[in-house]
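Provided herewith is a single structure, encoded as structure tokens, for subsequent inquiry.
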Protein chains: 2
Amino acid sequence: MEKYKLFDAEYKFASIVWDNEPINSTELVRLCTDKLGWKKSTTYTVLKKLSDRGILQNKDAVVTALVKREDVQKYESNAVVEKSFEGSLPKFLTSFLGERKITEQEAEELKQIIEEAVK
Amino acid sequence: MEKYKLFDAEYKFASIVWDNEPINSTELVRLCTDKLGWKKSTTYTVLKKLSDRGILQNKDAVVTALVKREDVQKYESNAVVEKSFEGSLPKFLTSFLGERKITEQEAEELKQIIEEAVK
DNA sequence: TCCTCAAGTCTATCGCGATAAACCTCGCCT
DNA sequence: AGGCGAGGTTTATCGCGATAGACTTGAGGA
């Protein structure tokens, strides 16, 4: 789903929406000024673009997300494994863990997640 | 290590080097023309930039890598988990796997990698 | 009626990554 | 002594994501 590809600025912006939706657009402008240092028009420009793409929605000055954060995250995770690890999750994991050590407890949690995906 | 951050074009280029090093620079130009559609000067421009950064090396017309592919991959994997998953590997894994199903064998392989990191 | 302010659009500008044109040097061959 | 190709640098140009300035519209209050 190429649709879910967000650029850096877009992702930061969308994150603010996800964290605060539903949110009034003027209030959102204020938040972006605080957290991103954006001017009003910048916020509206990005908001419009994401709305046109069906990612967000601005109706009667109330902004909500049409696409879930999880869906964008899923796209991101797949894209990286695809681009840098030939689509191989094992390769990704090996690289990520590296010499890094994890606790027995963390290992359990990860194995649990993996079990969940076996069917 | 911010040093390992490669842009898209740089990464594609470095990949060709990793796959073929040591390689003569003129030969590398030919490869880039074939695989990336680049002109000679484009190849040299990118090569110089990566050499200046200590990622690659061009000595007596022989190009080699000073930084291992694995190190760049490690940076990439960490960056994504950091940026999109609050640094949480479990969150990344959950998102990546999603409804996707994996075989018992693949699960074993993954668990093996995880075990390796416990200490 | 006029002012204000919320709400939003349209059209730049700007920085930077991606790509390349033009030019240079130097050894080698004829 | 002149051409030629390998090897390389310097200096643009270009596309696009990031950001914003200027302007518009419409409701509500003094």
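Order of the sequence lines sets the chain letters (A, B, ...), proteins ahead of strands, with each chain counted from 1.
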Q. To the nearest Å, how far apart are A:Asn58 CG and C:dG8 C1'?
A.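 Whole-Å distance recorded here is 8 Å.
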
**Q.** Distance (rounded to the nearest 0.5 Å) between B:Lys111 NZ and B:Glu106 CD
**A.**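 Taking NZ in B:Lys111 and CD in B:Glu106, the distance rounds to 13.0 Å.
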
**Q.** Interatomic distance, A:Phe13 CZ vs D:dA20 P [rounded to whole Å]
**A.** 14 Å

Q. Given side chains that start at C-beta, do those of A:Leu28 and A:Phe13 come closer than 4.5 Å, heavy atoms only?
A. yes

Q: Examine C:dT9: is either OP1 or OP2 under 4.0 Å from a nitrogen or oxygen in the side chain of A:Tyr44? Give yes or no.
A: no

(Q) Tell me whether B:Glu10 is salt-bridged to B:Arg53, with the criterion being a basic N under 4.0 Å from an acidic carboxylate O. (A) yes

Q. For the pair made of NZ in A:Lys12 and C1' in D:dT19, what is the distance, rounded to whole Å?
A. 12 Å

(Q) Give me each pair satisfying side-chain hydrogen bond (donor to acceptor under 3.5 Å, both in side chains) with a member in residues 13-22 of chain A, each pair once, sequence neighbours excluded. (A) A:Asp19-A:Arg69

Q) B:Phe96 and A:Phe92: ring pair (Phe, Tyr, Trp, His ring centres under 6.0 Å), yes or no, with the steps? A) CA-CA 11 Å; B:Phe96 181 86; A:Phe92 173 92; 7.6 Å; no

Q.
How many whole angstroms separate atom CG of A:Leu28 from atom C1' of C:dG8?
A.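 The answer, rounded to whole Å, is 13 Å.
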
Q: Starting from P on D:dA18, measure out to CG on A:Leu6 and report it in whole angstrom.
A: 10 Å

Q | B:Ile16 side chain near B:Cys32 side chain, heavy-atom distance below 4.5 Å | A |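 Result yes, sub-4.5 Å side-chain heavy-atom pair found.
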
With the criterion being N/O to N/O and under 3.5 Å, what pairs connect the protein with nucleotides 14-23 of chain C, and how long is each?
unit_1, atom_1, unit_2, atom_2, d
C:dA18, OP1, B:Asp8, N, 3.4
C:dA18, OP1, B:Ala9, N, 3.2
C:dT19, OP2, B:Trp38, NE1, 3.3
C:dA20, OP2, B:Lys39, N, 3.2
C:dA20, OP2, B:Thr42, OG1, 3.2
C:dA20, N6, B:Thr45, OG1, 2.7
C:dA21, N7, B:Ser41, OG, 3.0

Q: With heavy atoms under 4.0 Å as the rule, sort A:Asp60 into base, sugar-phosphate or nothing.
A: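 Here A:Asp60 touches no strand at all.
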
